[in-house]
Amino acid sequence: MKPCEHNFCGGAYQDWLAVMLTPECNGKCSWCIEKNGYRPKGEPHWSTIAHAAAETGKKNILLLGGEPTLYPDLGSLISFLKDRQRNVWLTTNGELLSLSFAEESLSELTGINISIHHYVARKNFEITGIYHVFEILYDVIDYFHQKGMKVHFNCNLIRGYI
């Protein structure tokens, strides 16, 4: 498997590689850039993806989906890349984030991008189909900060919800 060279991050930024781990997603965001985008055939084993990403020589690896937290063995992939001195970022809708998942699978991330599109959980669910328990998310973010990770939020301004 070769990472897609035409991907925005993989092709437009000199030292970044974006890796789509899975087309699967638990959200229903109407604006999703992957809705009609690149669709890899199947889901290769994490080591296949890890070796291909490391062989590009890119220093910064951005793990995407669909929803990348649905990818099996995500922690093994991140660990392999970190062992090869890569900065590993993850962009997620955040629904599956919990303290135990963060500790088991995400502890070696450089940073995380969390997509939340409304500060009221019920309205965020109406927009995305993703229900966040913000108290759990606060604990996860505190954990990431304690580990020295960078936490970014992605937000779209949605007509009728601003």
Discussion item. If I take atom OG1 from residue T22 and atom CD from residue E67, how far apart are they, to the nearest 0.5 angstrom?
Written reply: 9.5 Å
Can you give the donor-acceptor pairs under 3.5 Å from side chains of residues 132-148 to other protein atoms, not counting sequence neighbours?
| residue | atom | partner | partner atom | Å |
| --- | --- | --- | --- | --- |
| H132 | ND1 | N124 | ND2 | 3.1 |
| H132 | NE2 | N93 | O | 2.6 |

Discussion item. Quick check for you: to the nearest 0.5 Å, what is the distance between L70 atom CG and E95 atom CD?
Written reply: 9.0 Å
Worksheet item: Hey, what's the ring geometry for W89 with W16, parallel, tilted or perpendicular (30° and 60° as the breaks)?
Response: tilted
Practice prompt. Assess whether atom NZ of K59 is packed by more than 12 heavy atoms of other residues, nucleotides or ligands within 6.0 Å.
Written response: yes
Worksheet item: For S107, which residues count as a side-chain hydrogen bond (donor to acceptor under 3.5 Å, both in side chains) partner, sequence neighbours excluded?
Response: none
Item to complete: To the nearest 0.5 angstrom, please state how far the CG atom of L90 sits from the CG atom of L97.
Response: 8.0 Å
Fill in: Shared hydrophobic cluster for I130 and Y161 (ILVMFWY, side-chain gaps under 4.5 Å)
no
Discussion item. Any side-chain to backbone donor/acceptor pair from K123 onto H117? Under 3.5 Å, distance only.
Written reply: no
Fill in: Spatial distance of atom CZ (R86) from atom CD1 (I78) [nearest 0.5 Å]
15.0 Å
Fill in: Inter-residue atom distance T110.OG1 - K82.NZ, 0.5 Å rounding
3.5 Å
Practice prompt. Scan I116, I114, T91 and name whichever one has a side-chain contact (heavy atoms from CB on, under 4.5 Å) with N154.
Written response: T91
Worksheet, complete the sentence: Note: T56 and A52 closest approach over all heavy atoms is CG2-O, 3.3 Å
Discussion item. Determine whether W31 and I127 satisfy the following criterion, side chain to side chain contact (heavy atoms under 4.5 Å, CB included), listing intermediate values before the conclusion.
Written reply: CA-CA 10 Å; W31 63 86; I127 295 167; 3.5 Å; yes
Discussion item. Strictly distance-based, threshold 3.5 Å: is any side-chain N or O of N113 a donor or acceptor partner for the main-chain N or O of H152?
Written reply: no
Worksheet item: Looking only at heavy atoms, which two atoms of A18 and L64 are closest? And how far apart?
Response: CB-CD1, 3.7 Å
Response to the item:
Note: E126 and K28 closest approach over all heavy atoms is O-NZ, 2.8 Å
Worksheet item: Once you round to the nearest 0.5 Å, how far does CD1 of I49 lie from CG of L74?
Response: 10.0 Å
Discussion item. Ring-plane angle category for Y131 and F125, please: parallel below 30°, perpendicular beyond 60°, tilted otherwise.
Written reply: perpendicular
Discussion item. Looking at every heavy atom in both V19 and A53, which two are closest together, and how far apart are they?
Written reply: CG2-CB, 4.4 Å
Discussion item. Looking at G65, is its backbone amide N or carbonyl O close enough to the side chain of Y71 to form a donor-acceptor pair, meaning the two atoms are under 3.5 Å apart?
Written reply: no
Item to complete: Verify the cluster assignment for F153 and L96: are they in a single hydrophobic cluster under the rule of side-chain heavy atoms below 4.5 Å apart?
Response: no
Worksheet entry | Donor-acceptor contact present, side-chain Q85 to main-chain D83, <3.5 Å | yes
